[in-house]
Amino acid sequence: MTLRTARLVLRDMGEDDLPALRTILTDPVAMTAYEGPFAESECRAWLERNLQRYAEDGFGLWAVELADAPGEMIGQCGITRQRIDDDEVLEVGYLFRPAHWQRGYATEAAAASRDWTFRALDAPAVWAKVRDTNIASMNVAIRLGMTVRRRFVTRYRGVDMPHLGFAVDR
Ligand SMILES: CC(C)(COP(=O)(O)OP(=O)(O)OC[C@H]1O[C@@H](n2cnc3c(N)ncnc32)[C@H](O)[C@@H]1OP(=O)(O)O)[C@@H](O)C(=O)NCCC(=O)NCCS
């Protein structure tokens, strides 16, 4: 799977992307909303989970590269199946290296992922699960045309995390 935008390329990750993925997932700033950097085993599990998603669903989180500087993964963005309370939803996720924040890349990648979901999966809505402390992520969701539909608590890495469920309809 490859998606192109004006400035970005979104493509499937592979085993070779583990070092680049590790750079993102062990960054204490980028991982604030995930309760801190991942250990090596968590980085590997994250990659394996994504490869499994590609195989089972045909989509997942994709590697994001700059179109004019290919070869370096600057972030990840894509679509995953998620649960919110008792409902299964399609969620757009985005996680970028801090050096590439504040340039509109996350919104550009997430908008392409949202549009792909409506087009390819005929989905009625795309969601974003956002921790209630993650203002930058909320702003991406709002720029995607999303509004808050739900409030819920997710237990992750031993912590109860209040979340907002943002969504945009097709
Ligand atoms: C969430 C995250 C991707 C948001 O990054 P971001 O840089 O704020 O978002 P974008 O890439 O869309 O950039 C938008 C910002 O760039 C600015 N910008 C600068 N140049 C721009 C350009 N050419 N085009 C568009 N926006 C531009 C915008 O004004 C905006 O700034 P603002 O939010 O202060 O108004 C980032 O904070 C991150 O990776 N966090 C860690 C992972 C995470 O928490 N993910 C979400 C889990 S729910």
Side-chain angles (χ1 to χ4, degrees), residues 3-11 13 17 19-39 42-43 45-47 49-50 53 59-69 72-85 87-117 125-168:
L3 273 180
R4 294 177 194 281
T5 70
R7 296 180 295 172
L8 305 171
V9 177
L10 284 67
R11 58 156 180 84
M13 289 180 212
D17 290 311
L21 200 55
R22 189 186 288 125
T23 302
I24 301 172
L25 297 176
T26 60
D27 185 307
V29 175
M31 296 304 284
T32 303
Y34 296 79
E35 213 54 29
F38 274 8
E42 293 172 299
C43 295
W46 181 279
L47 177 59
R49 180 82 186 95
N50 262 304
R53 285 184 170 121
F59 54 87
L61 288 178
W62 298 304
V64 181
E65 297 181 352
L66 293 172
D68 61 6
E72 183 197 4
M73 189 201 294
I74 66 161
Q76 333 168 42
C77 183
I79 302 296
T80 60
R81 293 187 191 281
Q82 297 282 333
R83 293 204 76 80
I84 297 182
D85 298 327
D87 299 320
E88 185 178 278
V89 301
L90 291 167
E91 190 209 22
V92 60
Y94 33 82
L95 212 174
F96 281 69
R97 289 172 56 185
H100 297 280
W101 292 359
Q102 288 294 303
R103 294 173 197 189
Y105 293 147
T107 301
E108 187 169 319
S113 301
R114 172 202 61 197
D115 294 346
W116 177 86
T117 310
V126 174
W127 288 73
K129 294 164 60 174
V130 183
R131 198 172 174 181
D132 71 348
T133 48
N134 196 344
I135 304 293
S137 178
M138 289 180 205
N139 285 335
V140 173
I142 290 165
R143 284 191 288 266
L144 294 175
M146 294 180 168
T147 52
V148 177
R149 311 285 175 90
R150 302 273 274 269
R151 288 172 185 275
F152 56 96
V153 175
T154 296
R155 191 160 181 82
Y156 186 66
R157 300 179 91 192
V159 179
D160 284 333
M161 303 178 178
H163 273 70
L164 300 175
F166 283 82
V168 59

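Worth knowing before you read on, the calculation uses all heavy atoms, side chains too, and leaves out hydrogens, waters and symmetry mates. Just follow the structure's listing: the first ligand is 1, and inside any ligand the first atom is 1. Note that the structure is a prediction, hence the values are computed from the model and not measured.
You'll find the side chain of Met161 stays beyond 4.5 Å of the side chain of Lys129, heavy atoms only. Contact annotation: the side chain of Val148 never approaches that of Val130 to less than 4.5 Å [non-hydrogen atoms, C-beta and beyond].
Ligand 1 has no nitrogen or oxygen under 3.5 angstrom from a nitrogen or oxygen of His100. Considering backbone and side-chain atoms together, Ser137 places no N or O closer than 3.5 Å to any N or O of ligand 1.
Checking atom 7 (O) of ligand 1 against the protein gives a heavy-atom contact under 4.0 Å. For atom 28 (C) of ligand 1, the nearest protein heavy atom lies 4.0 Å or farther away.
Contacts of Arg131 with ligand 1, taken as heavy-atom pairs under 4.0 Å, are absent altogether. At a heavy-atom distance under 4.0 Å, only backbone atoms of Arg103 (N, CA, C or O) approach ligand 1. Only the side chain of Val140 comes within contact range of ligand 1, with a heavy atom under 4.0 Å; no backbone atom does.
If you check which protein heavy atom lies closest to atom 40 (N) of ligand 1, you get Trp101 CZ2, 3.4 Å. Scanning all protein heavy atoms for the shortest distance to atom 11 (O) of ligand 1 gives Ala106 N, 2.8 Å. Of the protein's heavy atoms, Thr107 OG1, 2.5 Å lies nearest to atom 12 (O) of ligand 1.
Under the 4.0 angstrom criterion for non-hydrogen atoms, Glu91 is not in contact with ligand 1. Not a single heavy atom of Arg97 sits less than 4.0 Å from an atom of ligand 1.
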